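Quick notes on the structure that follows.
All chains are named by letter (A, B, ...) in the order of the sequence lines, taking the proteins before the strands, and each is independently numbered beginning at 1. It should be emphasised that the depicted structure is a prediction, and the values quoted were computed from it without experimental measurement.
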There are 2 protein chains.
Amino acid sequence: MVNPQTDEIRPISVSESPEDKFREFLEIRGEKLTDPRRVLVRHIYSTHKHFDADELVRDLHDSGRAISRSTVYRTLRLLVDAGLLRELRLTNRTAYEHDYGYPDHDHLHCTSCNKVVEFRNEEILKLRDAVSRANGFRASGHRFLIEGVCSSCSRSHSPRRRLDLI
Amino acid sequence: MVNPQTDEIRPISVSESPEDKFREFLEIRGEKLTDPRRVLVRHIYSTHKHFDADELVRDLHDSGRAISRSTVYRTLRLLVDAGLLRELRLTNRTAYEHDYGYPDHDHLHCTSCNKVVEFRNEEILKLRDAVSRANGFRASGHRFLIEGVCSSCSRSHSPRRRLDLI
DNA sequence: ATACATGCAAACCTTTTGCGACAAC
DNA sequence: GTTGTCGCAAAAGGTTTGCATGTAT
């Protein structure tokens with residue numbers, strides 16, 4: 001019998017702040033940590049949760065630090081390239097999660113309500129990487145997504161809705 | 001050491017043709033297997049590969065059996081509901097694969113060129129379902145997607161492109 | 001001056017929908 | 001006639017881009 005037990009997912013201690021890591025990344029490319037970028041990276045790392053571009057635009061607008069939609073999208077791309085964020089391409093939108101100071105893990109995604117649940121299972125991590133390698137996929141940057149229907153959605157037979165990410 | 005060996009994925013013998021299964025499904029709902037729908041289900045099941053809506057529209061148009069974009073999308077939804085097709089929500093589009101007469105399996109998805117590779121690993125199938133169940137996700141309808149970067153993409157450093165599905 | 005960033009609006013892409021025309025029973 | 005389907009064109013939703021303006025060396 002397989003063991004579905006999943007390990008805890010808790011922050012890894014890192015020496016550099018996300019902001020510093022971002023600044024460093026930008027400097028190497030001859031770019032700058034501007035005001036809007038700093039606001040974004042700080043806001044994003046102020047809470048550990050999944051989010052999307054629209055949420056960011058809304059939150060910052062509501063807190064009086066409005067940043068244009070294009071800047072948000074452009075900065076998100078930079079943060080991904082900098083290794084600070086990871087993209088989760090879901091049903092209709094792209095969600096992001098912290099990819100710095102956080103251990104390797106995988107996700108369950110409810111295709112009905114869009115809920116995302118994180119889990120960490122050593123066995124799956126190993127198998128995932130082994131299968132990837134066996135198929136010539138690069139060893140880093142993988143992420144498993146288990147698509148399914150969560151309990152609340154399979155109870156109610158309502159069709160696809162957009163709910164919050166977790 | 002984990003074993004990345006994957007089993008062969010070959011057709012399962014089924015008693016009913018996809019077209020018949022579709023007709024049956026439609027009849028139950030008081031709907032009909034019309035001409036465009038028959039053309040679509042036949043075309044889709046004439047080759048075993050992943051495809052998307054746009055490809056279908058293009059292929060049928062090019063072979064002189066043009067079917068409108070809306071009908072294609074509407075029929076794809078029906079085929080999914082009928083259990084004939086399975087959706088793979090990828091980066092920017094939705095790909096489809098046969099879900100009838102084909103064994104349970106998972107996918108590797110290259111987020112750079114959009115290539116999709118199928119694999120079947122017993123251990124992963126078991127773990128996938130165990131973890132899903134442990135998190136209250138419905139036992140059927142799961143699919144793993146390993147996101148990564150395939151060998152040709154990690155060699156060339158070209159950015160995200162849209163290539164063919166496999 | 002130069003090099004890069006920003007905001008806006010327009011463009012883009014994929015998918016969905018409203019609607020008038022049409023076909024089957 | 002009623003019911004359901006089709007194609008068209010428009011709309012919708014998420015994301016990207018062109019461009020003129022602005023800012024820091």
Which listed nucleotide (C:dT15, C:dT6, D:dG7) is nearest to the side chain of A:P36? C:dT6

I want to verify a distance call: between D:dG7, C:dT6, D:dG14, whose nearest atom is closest to the A:R93 side chain?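 When the side chain of A:R93 is considered, D:dG14 is the closest of D:dG7, C:dT6, D:dG14.
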
Distance test, side-chain N/O of [X] to OP1/OP2 of [N], below 4.0 Å:
| X | N | answer |
| --- | --- | --- |
| A:R37 | C:dT6 | yes |
| A:Y73 | D:dT15 | yes |
| A:T34 | C:dT6 | yes |
| A:T94 | D:dT15 | yes |
| A:R69 | D:dT16 | no |
| B:T71 | D:dG7 | yes |

Under the 3.5 Å rule, do the base of D:dG7 and the side chain of B:R74 count as making a donor-acceptor pair?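 A donor-acceptor contact between them is present.
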
Say whether, by atom type as modelled, one donor and one acceptor occur between the side chain of B:N135 and the main chain of B:F137 under 3.5 angstrom. no

Length of the CG-P vector between B:D52 and C:dT16, whole Å: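 One finds 13 Å between P of C:dT16 and CG of B:D52, rounded.
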
Could you state the atom-to-atom distance from CD of B:E31 to C1' of D:dC6 in whole Å? 14 Å

Most 5' of A:K32 and B:R29 on DNA chain D, judged by nearest nucleotide: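 The answer here is B:R29.
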
Within the structure provided, determine whether B:D106 and B:E118 are in side-chain contact (heavy-atom separation under 4.5 Å). no

Is there a donor in the side chain of A:E97 and an acceptor in the side chain of A:H105, or the other way round, less than 3.5 Å apart? yes

